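Here the structure is laid out as C-alpha cells; the discussion comes afterwards.
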Amino acid sequence: MGEFVTRFAPSPTGYLHLGHACSAFHVWQGAQAANGRVLLRIEDIDQTRCRPEYETAILEDLTWLGLAWDGPIRRQSDHFADYEAILEQLRQRGLIYRCFRTRREIAAALPASANPDEAGFTARPLPASEEESRLARGDAYAWRLSLAAARDALGPRYQHLAYIDETDGTACSVAADPRPFGDVVLGRKETPASYHLACCHDDALQGVTHVIRGEDIREMTAIHTLLQALMDWPQPVYRFHALVLGPDGKKLSKRSGDRGLHAWRDEGKTPDDLRRMTGIS
Ligand code: GLU
C-alpha cells in the first residue's frame, strides 16, 4: 500500500460537538488501519467567526480523545498570501471574475425557496468601465469561478470530471458535476480565500492522499474536483462517513448550540463512551 495521509480540518467557530468527534474517530481510524498519518489543519479563514479560544479547546478535546496528530498544525490564517497567489493565477487565466451583487440581490434573483449560499448562482462579469467605477467607490465584491471559462479551459475534460469514492471499501469512480453550484465564490475583497480554495490548495500542498469527511459535504466534491482539474492539483481519494443526528433527526451543528465535548467530559463520559455514542466501535 502506498503512503496514506489524511487530515482533520476543523473550523474554530465554536466548540467541537459529537459530530466532530465522530468525524475525528473516522479520520484516525482510517489512518490507523492503513498505518498512515493524520495532519491537523485549522480552517480559520473566516476571521469574523473564528476565535483563538475555540482553537485551544479543539486541541484540548482531541488530546482528551486520545487522538494525536502528526507534524506541525497548519493554520490557514497564516497563509492568506498563498491563497491570494492562487486567486491571482486564476484571475490572470480569466477563470474568476468580480461579482458585486449583494446577498440580497442574489436572493432576489433566485427562486424564493433557494438558499443564496447554496443555490447555483451565475452572474456576468461587468464591463470594465462599470467595474472600475464600482471599485473606485469601494464597493464590496466576491471573486467567482466562472463555469463557462472553466469549461473552455478544460475542454472535453470538463464533461468527464470524476473523483474516486472509497466509502464502501472499494474504489469507484463517481462523476462530478459542478453545474448545480453555479459560479462559486473563491474569495472576497477583504478575504482572499474561500473554504473551497483553501481546502483544495492545502490538501494538495500537504500531500493528502485520503479525505475522510461527513456525507453532508459529499456534494461539494464536485467543486473540489473542478478546482483540482483547473489547478492540476493531485486528487485525493474520498470517503464519506454517516453523520451523528440529534434527537430531532437533524445534523448536529455548532450554530444550533449542540453540546460541546467538554460538557460530556464534565458529565463523566469517557472517550470510549463517545465512540459508542457516535457509532464507532
Ligand atoms: N473546516 C471544514 C469543517 O469543519 C472541513 C471539512 C472538510 O474539508 O473535511 O466542516
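Please read all numbers here as calculations on a predicted model, not as lab measurements. In listed order, ligands and their atoms are each counted from 1. Worth knowing before you read on, the calculation uses all heavy atoms, side chains too, and leaves out hydrogens, waters and symmetry mates.
Between F4 and H210, the ring planes are parallel. Angles under 30° get that label, and only those over 60° would be called perpendicular.
When atom types are taken as modelled, the side chain of D168 and the backbone of T170 share no donor-acceptor pair closer than 3.5 angstrom. Put simply, the side chain of E219 never gets that close to the backbone of D216: no donor and acceptor are under 3.5 Å apart.
Using a cutoff of 4.0 Å between basic side-chain nitrogens and carboxylate oxygens, R265 and D61 are scored as salt-bridged.
Relative to the six-membered ring of Y141, R98 meets both conditions, a distance below 6.0 Å and an angle of at most 45° to the axis.
With a 4.0 Å heavy-atom cut-off, ligand 1 is reached by the side chain of C199 but not by its N, CA, C or O. At a heavy-atom cutoff of 4.0 Å, ligand 1 is contacted by the side chain of I217 but not by its backbone.
In terms of polar-atom proximity, defined here as any N/O pair under 3.5 Å, I212 makes no such contact with ligand 1.
Less than 4.0 angstrom separates some heavy atom of E43 from each of these atoms of ligand 1: 1 (N), 2 (C), 5 (C). Here is the list of ligand 1 atoms found below 4.0 Å of a heavy atom in R7: 7 (C), 8 (O), 9 (O).
For M220, the closest heavy-atom approach to ligand 1 does not fall below 4.0 Å.
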